[in-house]
There are 2 protein chains.
Amino acid sequence: MARTAGRSAEDTRHLILETAAHLIGRHGTAVPVAEIAQEAGVSKGGLLYHFATKEALLHALAEHLIEQFRAEVHRRAEQEGSGPGRLVRAYIRVSLAEAGDHARLRDSIALAAKLMFEPELEQLVQQDADRWKEELGQDGLDPSIVRLVVAAADGSNSAPLWGAILDEADRLALEEQLLALASPQPEGSSGA
Amino acid sequence: MARTAGRSAEDTRHLILETAAHLIGRHGTAVPVAEIAQEAGVSKGGLLYHFATKEALLHALAEHLIEQFRAEVHRRAEQEGSGPGRLVRAYIRVSLAEAGDHARLRDSIALAAKLMFEPELEQLVQQDADRWKEELGQDGLDPSIVRLVVAAADGSNSAPLWGAILDEADRLALEEQLLALASPQPEGSSGA
DNA sequence: GAAACTGTACCGACGCGACGGTTCAGTTCT
DNA sequence: AGAACTGAACCGTCGCGTCGGTACAGTTTC
């Protein structure tokens, strides 16, 4: 057998990436590449053809997820009413939505935890964080509000780490709270 | 050589635990037990004398860290002025302090990330989270404040995951903000 | 237009190092 | 005496990466 019928190499690559994310979310990054390959309906050799090493696979996956998140936030920002805080509110929406998708969230956390200890890949995450810090800081909001809101959004995205999964009601309530904080229309309140 | 002069078995046990936390913070839970033993100045056999298996070691370490955090928060709560919000404010203080100790924070995160995928150990974290949720909920504060503040505190403790390390100024500012939110002396503010 | 050739995509068995855990005889502190 | 180790050899497993092969899609050649 060779190229699987009706599937381009790019499709295969993408399929492997999705499968990897899925399995990593369930079993952690320790999951064997052979298992990822099998689940993706590809041989181990086939997988290694696309990603020469497991680290390369994880690297590609990290870029994939980071890029996806960033694109999603910017997409939401366009829909957000104009004025200051657009980007922050979009960041909140996407973060909290992700927090509601437990499976997907586990993918990200497991991968991020792994990257923490791979110096070469760590800076990939680092740079992304720096970029966010800058972008969110230039969104026209009070820096103290941004700091608070972003910390809370990130926190809701890290909850599974500490076992604290927000239930649906809490998640939605928190989202409303954060959006309110990031919406510059004071009705007589004082910023805390 | 046998028992090291002037050190009780309990001391050795504790030393191993501390060393393990330290190394895990630097290299992740994949660090070999032999390496932990060596770094602790103990033979591999000696380590396995105290912790029959690596999983047992990680289990003990998790309990250690969880218990330590809980004890620390309750200790701080005693020092906190009485009235509603004592525990929440103590939780904030300890969380943010930990967020400032990057090395120690990495220990916790690396371990927590590992536990996520060990069903048996996961519930250990889960139960702890449930306990916190209950305790913090009964602290006499508006639930929406607690939700916001705890999410932010947890977020600051998860920052390294996303590469977003708070600098000292931000950390202190955030701490002040959260403490203010968790202090029930309204000067004319409305709840968000 | 079909045979010969080429490169891409993929297969699957194997080698090999690493790591967890066992065993055990010996040693030293309390 | 018995608890608390040391030290080193050893085993089994597991997972990564390599490597020789294979099957098709195009492309070239006549």
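Since this is a predicted model, take the numbers as computed values, not measurements.
- Taking atom CG of residue B/D11 and atom P of nucleotide C/dT30, one finds them 11 Å apart after rounding to whole Å.
- Between A/L15 atom CG and C/dA9 atom P there is a gap of 15 Å when expressed in whole angstrom units.
- As a whole-Å value, the separation of B/L48 CG from C/dG20 P is 9 Å.
- Residues A/G45 and A/P32 both approach DNA chain D. Their nearest nucleotides, taken by heavy-atom distance, put A/P32 toward the 5′ side.
- Rounded to whole angstrom, the span from the CD atom of A/Q38 across to the P atom of D/dG15 amounts to 13 Å.
- When rounded to the nearest whole Å, the span between CD1 of A/I36 and P of D/dG17 equals 12 Å.
- Atom CD1 in B/I16 sits roughly 11 Å away from atom C1' in D/dA4 (whole-Å rounding).
- Residues from residues 109-116 of chain B placing a heavy atom under 4.0 Å of any atom in DNA chain D do not occur.
- Contact check on A/E80 versus A/R93 returns a salt bridge, with a Lys/Arg side-chain nitrogen under 4.0 Å from an Asp/Glu carboxylate oxygen.
- Listed pair B/S43 / D/dA8 fails the phosphate criterion, with no side-chain N or O lying under 4.0 Å from OP1 or OP2.
- Using a 30° and 60° split on the angle between ring planes, B/H74 and B/W132 fall in the parallel class, below 30°.
- When atom types are taken as modelled, the side chain of B/D139 and the backbone of B/P84 share no donor-acceptor pair closer than 3.5 angstrom.
- The phosphate of C/dA9 (OP1 or OP2) has a side-chain N or O of A/Y49 nearer than 4.0 angstrom.
- With salt bridges taken as basic N to acidic carboxylate O contacts below 4.0 Å, one links A/K114 and A/E118.
- Contact annotation: B/H50 side-chain N/O to D/dA4 OP1/OP2 distance is not under 4.0 Å.
- Look at CD on A/E10: it is 11 Å from P on C/dC10, rounded to the nearest Å.
- B/R13 places its CZ atom 12 Å from the P atom of D/dA4, with the value rounded to the nearest Å.
- Looking at B/E72 and B/R75, a side-chain N of the basic residue comes within less than 4.0 Å of a carboxylate O on the acidic one, giving a salt bridge.
- Distance from the side chain of B/K44 is smallest to C/dG20 among D/dG15, C/dG20, D/dT6.
- Proximity of a side-chain donor or acceptor of A/S95 to a complementary backbone N or O of A/I92 within less than 3.5 Å is not detected.
- Judged by distance alone with a 3.5 Å cut-off, no donor-acceptor contact links the side chain of A/K54 to the base of D/dG17.
- The side chain of B/T53 contributes no N or O atom lying less than 4.0 Å from OP1 or OP2 of C/dG20.
- Under a 4.5 Å side-chain heavy-atom cut-off, the cluster of Ile, Leu, Val, Met, Phe, Trp and Tyr residues that includes A/M116 is completed by A/L105, A/I109, A/F117, A/L161, A/W162, B/L105, B/I109, B/M116, B/F117, B/L161, B/W162.
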